[in-house]
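Quick notes on the structure that follows.
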Amino acid sequence: MTRPHQLEGIVLGDDPGAWAAAGFTVRAVGTAGDVTLGRTTLRLTGTGGGVLGWSLHDVPGDLDGIADRPAPEVPDPGGGTPHPNGVRRIDHVVVATDDRHRTVGAFGAAGLELRRTRDLGGGASQSFLWAGDVILEVVSPPPEGDGRVDGTWIWGLSLESGDLDATAAALGPLLGRPRDAVQPGRRIAILRTRDLGISLPLAVMSPHRPTSSA
């Protein structure tokens, strides 16, 4: 059963060829391209400008400054078909904000459920909400070196691979060395997006560990 307010789409100004070079299957849509990641589709317009907006099911209008953009069609709504690089879905979306209380309040008013907030010390925090089967990780203050300090925006994506070692082998020097992730039992590697011309940071993670029913 799908959770409410599914993240249906993200629109980026990226060149479709940049994502194809990173081992993603890109479906041509006119001069643009679509990359399907589970139940979410990325529309790559080729117009530049980084992240242009997103679409959440049953959440109309802009959300704390993140533009509402029509969601591309998802040809495989069941998700799970791996790309040549082994990636199969979005694990979580990192949302940067200059005011966690304002952003989390706006998301909550739109119906997104706050699951927990972690205090990182020094005024920094992470808040976690569900957007369907995708986690929204709201981070405040914005990550250092981003160059932007005001407002709310989609900062980066963490993707899930069915086999992180196979993904690393497929991407070679385009993917950093896998290392232990914060989540117990999982590993993570960073895609060298600047070398590819992809506009936002991308991480690739190993699958979630099965939870024990005992």
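Given the structure is predicted, the values throughout are model-derived calculations rather than measurements.
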Inset, instruction - For side chain to side chain contact (heavy atoms under 4.5 Å, CB included), just list the numbers for Trp130 and Ile135, CA-CA rounded to whole Å, side-chain angles, deciding distance to a tenth of an Å, and then say yes or no. - result: CA-CA 5 Å; Trp130 282 106; Ile135 298 168; 3.6 Å; yes

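- There is a path of hydrophobic side-chain contacts, each under 4.5 Å, that joins Val138 to Val51.
- Residue Arg148 places its CZ atom among more than 12 non-hydrogen atoms of other residues, nucleotides or ligands, all under 6.0 Å distant.
- Residue Val26 comes nearest to Ala20 through the heavy atom pair CG2-N, 3.8 Å, listed as atom of the first residue, atom of the second, then distance.
- Distance check, rounded to the nearest 0.5 Å: NE2 of His101 to OG1 of Thr117 gives 8.5 Å.
- With respect to Asp34 and Arg43, a salt bridge is recorded, a charged nitrogen being found less than 4.0 Å from a carboxylate O.
- To the nearest 0.5 Å, atom CG of residue Leu63 and atom CG of residue Leu112 are 6.5 Å apart.
- Both Ile198 and Ile90 are assigned to one and the same hydrophobic cluster, defined by single-linkage of ILVMFWY side chains at heavy-atom distances under 4.5 Å.
- Counting all heavy atoms, side chain and backbone alike, Leu200 lies closest to Thr193 at O-CG2, 3.5 Å.
- Salt-bridge formation is detected for the pair Arg186/Glu160: a Lys NZ or Arg NE/NH1/NH2 atom is positioned less than 4.0 Å from an Asp or Glu carboxylate oxygen.
- Two different hydrophobic clusters hold Leu175 and Met205 under the rule that ILVMFWY side chains link at heavy-atom gaps under 4.5 Å.
- The line from CD of Gln6 to CG of Asp58 is 11.5 Å long, rounded to the nearest 0.5 Å.
- A pairwise comparison of heavy atoms in Gly86 and Thr167 identifies CA-OG1, 3.8 Å as the closest pair.
- Applying the ring pair (Phe, Tyr, Trp, His ring centres under 6.0 Å) test to His83 and every residue at least two apart in sequence or in another chain returns Phe24.
- In the hydrophobic cluster analysis, where Ile, Leu, Val, Met, Phe, Trp and Tyr join through side-chain heavy atoms closer than 4.5 angstrom, Trp153 is grouped apart from Val59.
- Looking at Val139, Leu129, Ile66 one by one, the single match for side-chain contact (heavy atoms from CB on, under 4.5 Å) with Val95 turns out to be Ile66.
- The heavy-atom pair separating Arg88 from Pro207 by the smallest distance is NH2-CB, 3.7 Å.
- The two residues Ser140 and Thr97 come nearest to each other via the heavy atoms OG-O, 3.4 Å.
- Side-chain atoms of Ser158 and Asp91 form no donor-acceptor pair, as typed in the model, at a separation below 3.5 Å.
- A 4.5 Å side-chain heavy-atom check between Arg118 and Val182 finds at least one atom pair inside the cut-off.
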Inset, instruction - Could you walk me through whether Leu196 and Leu191 pass the side chain to side chain contact (heavy atoms under 4.5 Å, CB included) test, one step at a time? - result: CA-CA 9 Å; Leu196 291 159; Leu191 190 66; 4.1 Å; yes

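- Val35 and Val204 fall within the same hydrophobic cluster, defined by Ile, Leu, Val, Met, Phe, Trp and Tyr side-chain heavy atoms under 4.5 Å apart, directly or through other members.
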